[in-house]
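Each residue takes its place number in the sequence, starting with 1. Each ligand, and each atom within it, is numbered from 1 in the order the structure gives.
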Amino acid sequence: MTAANEVILTTERPGLLNRGKVRDLYGLPGDRMLMVATDRLSAFDVVMRNGIPRKGEVLTRLSAYWFDRTNLVVPNHMIAVLDASNASELCVDADASFFGRSMVVRKAEPLPVECVVRGYLAGSGWADYQAGRPISGIKLDDGLRQADRLFEPIFTPSYKAAEGHDEPITYEQVEALVGLERAHVMRLRSLALYRYASEVALEQGIIIADTKFEFGIIDGEVTLIDECLTPDSSRFWPVDRYEPGHDQQSFDKQPLRDWLEASDWDKRPPGPVLPSDIVSDTSERYLEAYRLLTGAPLPER
Ligand SMILES: Nc1ncnc2c1ncn2[C@@H]1O[C@H](COP(=O)(O)OP(=O)(O)O)[C@@H](O)[C@H]1O
Ligand SMILES: [Mg+2]
């Protein structure tokens with residue numbers, strides 16, 4: 001058995017398909033995959049050298065929470081979160097360190113589009129707006145401030161590049177990439193998910209400024225894959241500190257951001273070693289985001 005607070009930076013089991021920035025992916029028999037969220041943390045696209053205790057479990061269980069609540073409206077890839085009770089039934093051979101952080105999913109043919117939805121003007125959306133550029137082809141009214149709430153949520157897709165940074169693309173470019181019908185369904189489903197989740201979150205004191213979804217094709221259907229509405233795929237802001245006109249405090253990454261900005265790290269790999277108080281603060285914030293959004297503490301493994 002592994003201790004609950006042990007950090008997992010990399011996993012090893014047979015069938016490795018790919019290691020992403022955060023997840024290790026394994027093939028399973030029967031068109032299934034095991035998606036294992038490690039405790040890796042990336043900032044400025046660089047993976048930090050420390051792991052964040054329980055982060056992998058938060059990502060997996062928070063995604064599962066949203067998948068469960070939205071699957072009647074938007075089909076998704078989840079079969080189950082792997083735990084001690086279902087591993088043998090699911091025919092997954094993995095030790096206890098995989099429980100709670102791993103999801104058994106249906107394998108999809110991923111569509112190469114990051115489906116970004118923005119309800120507020122932040123990040124690269126704000127950078128484009130400030131430079132007078134449309135955001136993924138969308139021209140907003142003049143006079144908006146940084147972090148302002150938008151009149152309505154907008155769909156601002158990016159091309160999911162195999163290497164390097166994702167490039168913003170217009171809706172018409174999405175149509176050209178995946179076809180008219182699939183583009184339409186992706187946009188509709190992304191906006192529906194954002195609208196629902198942002199209302200749930202706001203009641204709990206969290207603004208979801210923006211978020212990113214991925215879709216893939218399973219049995220011919222445009223299906224939500226990857227992760228869903230986690231601190232890694234979304235910008236969460238505490239509502240009680242919301243004040244448009246400048247950059248906002250991040251609900252989960254503020255201590256890390258402040259520490260990194262004050263350090264002399266040049267934002268190039270390798271990342272620095274984080275001090276233990278930053279690691280524990282960040283872990284607490286991931287756990288708090290989970291608790292607020294779902295209304296219950298993260299279950300023990
Ligand atoms: N159901 C699925 N079928 C196939 N690929 C998937 C599925 N769900 C997620 N993926 C892919 O698995 C990877 C997840 O690993 P992650 O660490 O999040 O990668 P990244 O560094 O690209 O964010 C992504 O490349 C994602 O597109
Ligand atoms: Mg990812």
query: Which residue holds the protein heavy atom closest to atom 15 (O) of ligand 1, what is that atom called, and what is the gap in Å?
result: R23 CB, 3.5 Å

query: Mind checking whether F213 and V74 have side chains closer than 4.5 Å, heavy atoms only?
result: no

query: Is there a nitrogen or oxygen of R106 sitting under 3.5 Å from a nitrogen or oxygen of ligand 1?
result: yes

message: Quick test: of every protein heavy atom, which one is nearest to atom 3 (N) of ligand 1, and how far off is it to 0.1 Å?
response: A108 N, 2.9 Å

Sole candidate of I208, T211, V117 that passes side-chain contact (heavy atoms from CB on, under 4.5 Å) when paired with P153: V117

message: I need the nearest protein heavy-atom contact for atom 19 (O) of ligand 1: residue, atom name and distance, please.
response: G20 CA, 3.7 Å

task: Answer yes or no: is there a side-chain heavy-atom contact under 4.5 Å between V178 and M186?
output: yes

message: Between Y242 and Y120, does the ring pair (Phe, Tyr, Trp, His ring centres under 6.0 Å) criterion hold? Intermediate values first, please.
response: CA-CA 11 Å; Y242 174 61; Y120 293 75; 5.6 Å; yes

message: Please list, in number order, the atoms of ligand 1 under 4.0 Å from a heavy atom of M35.
response: 8 (N), 9 (C)

N/O separation below 3.5 Å, K21 to ligand 1: yes

task: Decide if atom CZ of R149 counts as having more than 12 heavy atoms of other residues, nucleotides or ligands within a radius under 6.0 Å.
output: no

task: Could you list which atoms of ligand 1 come closer than 4.0 Å to a heavy atom of K160?
output: 22 (O), 27 (O)

Element-labelled atoms of ligand 1 that are located less than 4.0 Å from some non-hydrogen atom of L25: 12 (O), 13 (C), 14 (C), 15 (O)

message: Would you say that more than 12 heavy atoms from the other residues, nucleotides or ligands in this model lie under 6.0 Å from the CG of D68, or not?
response: yes

Solution key, residues 260-274 side-chain donor-acceptor pairs under 3.5 Å, sequence neighbours excluded:
| residue | atom | partner | partner atom | Å |
| --- | --- | --- | --- | --- |
| E261 | OE1 | K267 | NZ | 3.3 |
| E261 | OE2 | K267 | NZ | 3.4 |
| S263 | OG | L260 | O | 2.8 |
| S263 | OG | W265 | N | 3.3 |
| W265 | NE1 | R268 | O | 2.8 |
| W265 | NE1 | P270 | O | 3.3 |
| D266 | OD1 | R268 | N | 3.0 |
| D266 | OD2 | R268 | NH2 | 3.4 |

- prompt: Of the listed options (I217, V47, T230, D226), which comes nearest to atom 10 (N) of ligand 1 when hydrogens are ignored and any heavy atom counts?
  reply: D226

- request: Determine whether the side chains of R118 and T156 contain a donor N or O and an acceptor N or O closer than 3.5 Å.
  value: yes

query: Counting both backbone and side chain atoms, is some N or O of M33 under 3.5 Å from an N or O of ligand 1?
result: no

field: Per-atom contacts, ligand 1 versus E214 - under 4.0 Å to a heavy atom
entry: 26 (C), 27 (O)

